[in-house]
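The structure displayed is predicted, hence computed values, not measured ones. Chain A is the first sequence line, chain B the second, and so forth, proteins listed ahead of strands; every chain is numbered from 1.
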2 protein chains.
Amino acid sequence: MAKIKKLTREQIVQVAMEMFDSEGDAGFSMRKLAGKLGVDPMAIYHHHANRNALISEVVQAYLSQRRIPTRSGDWRVDIRELCQSLRGLAKSHPNIFRLYQAHDTWVPEESRISEAFHTILLDAGFESQTVVRGVRLLSNYTESFAVDELAGWYKPLDDSDRAQLVQTVSADTHPAMTRLMDDIGTADAEADFAFGLDVIVRGLEAELVGD
Amino acid sequence: MAKIKKLTREQIVQVAMEMFDSEGDAGFSMRKLAGKLGVDPMAIYHHHANRNALISEVVQAYLSQRRIPTRSGDWRVDIRELCQSLRGLAKSHPNIFRLYQAHDTWVPEESRISEAFHTILLDAGFESQTVVRGVRLLSNYTESFAVDELAGWYKPLDDSDRAQLVQTVSADTHPAMTRLMDDIGTADAEADFAFGLDVIVRGLEAELVGD
DNA sequence: ACCTGAACACCGTTCAAGT
DNA sequence: ACCTGAACACCGTTCAAGT
């Protein structure tokens, strides 16, 4: 698209990020990126080793946008805010969040977010192993919820979804789900997320009292 | 490889499943599958509409292998067993499990597993909405744990991983993680999974008592 | 009905060449 | 040092043709 006189690593990452943001994985290729930069496809390889390395940079740039919320003093509140901030990041750039999830190469920025989680639970007084496990549990929950939310799992079912579900879920083969159909059909991402977070936080609290 | 006189939908799915099982996503393509079947690539399209439809069939065949554990009478035990059976399925065929995770088209077999979850929590006496939310929380937890486990996140760090981590996690920028390094470095998938499950089950229990 | 073969519109990446 | 261009070894899928 816009011709750039001299390529830089950063410009390439920037444009790649915009492409992912607006079009998602399907809209991105090294060749399309080159086209957007007004450059031969192979020019990119002079600045980034390959596709995967470039994507690591995109993910890194994406994660560095994330603001860590300030502490309140109550670990339950802080954990909730940190999880919500991660979910917010996911929702603000769904396509790049999906890219981050699918990208299995580790990226340094992840440790900044991880540190915030660890600090909160450590200060709350959990023992070391519980802190480590609790962080994994919480970040796991938040990220997988966000993935499902972005995939549209927490929207109320529309007519065609419901029809498809009713087709396979009949009263004799799926009595429980049939009884629960009203609650399965209606979903509220906000309340559902808060519910799971409450369950986990409550479960963790017991580890603290049990000392 | 082996020449088949007449293609059937089932044979195609079977061979595709074996390819995914042994080689994963990278080792599969419609053309390679055709090669394995000793047939022109386009012959497959006579039996399956396209790549995505074929993969739905593979996922469906995979999920139908899953045995639902018998009930014990204690919902806490039953939930644990059901989650472990899902995790077991993931570990027995990691590549197909990853395929299932990445595949965003809904597949009927999913509802069989879902029904088992709903039944347990419903029988345990939770109210409707809590059942639905609890099932989502538990299956979410189990699947995302399995994904991480298969990606190697719950293996103790080897020397190169540790070196990479120490490089970005220094005492002044990451004090909490530095303190916790021993517990971050050692991980035990079995115990870590049980921990998370306990936390969630304990958190759910409160919903029952709170009535 | 079932399969083939050529063709289309793509990929990521290597390698030799240009400035 | 930085970029180009041709080439390689792939993709999924359409379409017309063969049996």
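If you measure from atom CZ of A:Arg31 to atom C1' of D:dA9, you get 12 Å, rounded to the nearest angstrom. Straight-line distance from the CD1 atom of B:Ile12 to the P atom of D:dG12: 14 Å, rounded to whole Å. Between the CD atom of A:Gln11 and the C1' atom of D:dC2 there is a distance of 14 Å, rounded to whole Å. What separates CG of A:Leu37 from C1' of D:dT4 is a distance of 15 Å, to the nearest Å. In this structure, the CE atom of B:Met30 is 14 Å from the P atom of C:dC3, given to the nearest Å. A:Tyr45 places its OH atom 17 Å from the P atom of C:dA16, with the value rounded to the nearest Å. In this structure, the CD atom of B:Glu23 is 14 Å from the P atom of D:dC10, given to the nearest Å. The CG atom of A:Asp40 sits 13 Å away from the C1' atom of C:dA16 (whole-angstrom rounding).
Between A:Tyr154 and A:Phe145, the ring center distance clears the sub-6.0 Å criterion. Proximity of the aromatic rings of A:Phe193 and A:Tyr141 is defined here by a centroid distance below 6.0 angstrom, and this criterion is met.
Proximity of A:Lys32 to the phosphate of C:dC10: no side-chain N or O atom is located under 4.0 Å from OP1 or OP2.
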Would you write out the dot-bracket form of DNA chain C, 5' to 3', with Watson-Crick and G-U pairs under 3.5 Å, [ ] for crossing pairs, | for pairs to other strands and . for unpaired bases?
||.|||||...|||||.||
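Summarising the geometry, atom CZ belonging to B:Arg76 is positioned 11.5 Å from atom CG belonging to B:Asp198; distances are rounded to the nearest 0.5 Å.
Using a 3.5 Å distance cut-off with no hydrogens or angles, the side chains of B:Ser85 and B:Arg67 do not pair a donor with an acceptor.
Two residues, A:Ala43 and B:Pro41, neighbour DNA chain D, and the one matched to the more 5' nucleotide by heavy-atom proximity is A:Ala43.
With distances taken from any side-chain atom of A:His46 to the nucleotides C:dC3, D:dA1, C:dT13, the minimum falls on D:dA1. Set against D:dG12, D:dC2, C:dC3, the side chain of B:Lys6 has C:dC3 as its closest nucleotide. Of the listed nucleotides (D:dC3, C:dT4, D:dC11), C:dT4 has the atom at the smallest distance from the side chain of B:Val39. Comparing D:dC11, C:dT14, C:dT4 by their nearest atom to the side chain of A:Met42 picks out C:dT14.
With A:Glu149 as the fixed residue, the salt bridge (Lys or Arg N to Asp or Glu O under 4.0 Å) test singles out one of A:Lys155, A:Arg98, A:Lys91: A:Lys91.
Using a 4.0 Å cut-off between charged nitrogen and carboxylate oxygen, A:Arg112 and A:Glu109 count as a salt-bridge pair.
Ring planes of A:Phe126 and A:Trp75: perpendicular class, angle over 60° (limits at 30 and 60°).
Backbone-only contact: A:Arg51 has heavy atoms under 4.0 Å from sugar-phosphate atoms and none from a base.
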